[in-house]
Amino acid sequence: MALYSEKVMDHFRNPRNVGVIEDANGIGEVGNAKCGDIMKMYLKIEDDIVQDVKFETFGCGSAIASSSMATELIKGKPLSEVRKLTNQAVAEALDGLPGYKMHCSVLAEEAIQSALEDYESRQGKPAEGAGT
Ligand code: FES
């Protein structure tokens, strides 16, 4: 049996939603100290819905596939659902990851939750650049 599922290979070779959202209102960056991989998530949230999401991942193939799949899972979704996203759900959507690569999907979960926290911490504060 192949080490990686076809879905992992597909999302690794053709990652969805790669890039930066210039006017993102939630940004999260996380890293794994052991492997040194870094993942950054940009969220554009309006009316409690993820209108757009993009990522930049400096990391292994599984991390790239996990971030790509995670963006697909949360795009267009209400924040109540996004908060519940687990690395397990990301790995399952990829038809599984080898055990020693599960931490790559954890990075995707953490990056999204960190971006969500950033969004929430910005709420109630004056919008940046809103000065006259
Ligand atoms: Fe660390 Fe994949 S090896 S994120």
Side-chain angles (χ1 to χ4, degrees):
M1 202 187 103
L3 188 54
Y4 294 109
S5 72
E6 274 178 33
K7 274 198 191 161
V8 172
M9 294 311 293
D10 177 34
H11 279 262
F12 166 56
R13 291 199 180 108
N14 307 295
R16 283 46 152 198
N17 307 308
V18 177
V20 175
I21 300 176
E22 294 297 344
D23 60 345
N25 51 9
I27 300 174
E29 183 172 337
V30 293
N32 181 298
K34 275 198 186 146
C35 64
D37 291 355
I38 296 168
M39 197 180 287
K40 195 163 180 180
M41 281 282 167
Y42 300 84
L43 300 178
K44 179 73 183 167
I45 298 167
E46 273 162 33
D47 301 328
D48 276 358
I49 305 270
V50 175
Q51 302 290 352
D52 200 9
V53 49
K54 289 202 188 296
F55 77 91
E56 292 177 306
T57 292
F58 180 80
C60 73
S62 298
I64 291 167
S66 293
S67 22
S68 169
M69 179 54 88
T71 60
E72 292 272 276
L73 290 176
I74 65 165
K75 202 167 187 176
K77 294 284 164 55
L79 297 191
S80 54
E81 272 185 49
V82 176
R83 272 189 206 100
K84 287 188 225 146
L85 181 80
T86 61
N87 77 296
Q88 207 67 41
V90 174
E92 272 169 27
L94 286 168
D95 290 339
L97 282 170
Y100 68 100
K101 284 286 179 183
M102 280 305 280
H103 80 270
C104 316
S105 62
V106 172
L107 220 48
E109 176 191 325
E110 288 178 350
I112 287 174
Q113 299 310 327
S114 158
L116 211 49
E117 278 169 28
D118 179 48
Y119 168 76
E120 282 162 354
S121 75
R122 292 186 198 204
Q123 300 309 297
K125 290 183 189 169
E128 270 176 53
T132 48

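Just so you know, ligand 1 is whichever comes first in the structure, and atom 1 is the first atom listed for that ligand.
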**Q** Applying the salt bridge (charged side-chain N to carboxylate O under 4.0 Å, His left out) criterion to R83, which one of E109, E117, E120 satisfies it?
**A** E120
**Q** Say whether Y42 and E56, considering side chains only, have a donor N or O and an acceptor N or O under 3.5 Å apart.
**A** yes
**Q** I'd like to know if M39 contacts ligand 1, where contact means a heavy-atom distance under 4.0 Å to any ligand atom.
**A** no
**Q** To which protein heavy atom is atom 1 (Fe) of ligand 1 closest, and what is the distance rounded to 0.1 Å?
**A** C35 SG, 2.1 Å
**Q** For N17 and T71, which I'm curious about, is there any donor-acceptor pair between the side chains at under 3.5 Å?
**A** yes
**Q** Give a yes or no answer on whether the side chain of R16 reaches the backbone of N14 with a donor-acceptor pair at less than 3.5 Å.
**A** yes
**Q** Below 4.0 Å, non-hydrogen atoms only: which portion of K34 touches ligand 1? Side chain, backbone, both or neither.
**A** neither
**Q** Please report the closest heavy-atom contact between M39 and C104, naming both atoms and the distance.
**A** CE-O, 4.1 Å
**Q** In the protein, which heavy atom is nearest to atom 3 (S) of ligand 1, and how far is it?
**A** H103 NE2, 3.3 Å
**Q** In the protein, what heavy atom is nearest to atom 2 (Fe) of ligand 1, and what distance, to one decimal place, separates them?
**A** C60 SG, 2.2 Å
**Q** As an exercise, identify every atom of ligand 1 less than 4.0 angstrom from a heavy atom of A63.
**A** 4 (S)
**Q** When you measure from the side chain of Q113 to the backbone of V82, do you find a donor-acceptor pair of N or O atoms at a distance under 3.5 Å?
**A** yes
**Q** Give the atoms of ligand 1, by number and element, whose distance to some non-hydrogen atom of C104 is under 4.0 Å.
**A** 2 (Fe), 3 (S), 4 (S)
**Q** Taking non-hydrogen atoms only, is N32 closer than 4.0 angstrom to ligand 1 via side chain, backbone, both or neither?
**A** neither
**Q** I'd like to know if the side chain of S67 reaches the main chain of A63, judged simply by a donor and an acceptor atom lying under 3.5 Å from each other, with no hydrogens or angles considered.
**A** yes
**Q** What protein heavy atom lies closest to atom 4 (S) of ligand 1? Include the residue and the distance to one decimal.
**A** D37 OD2, 3.0 Å
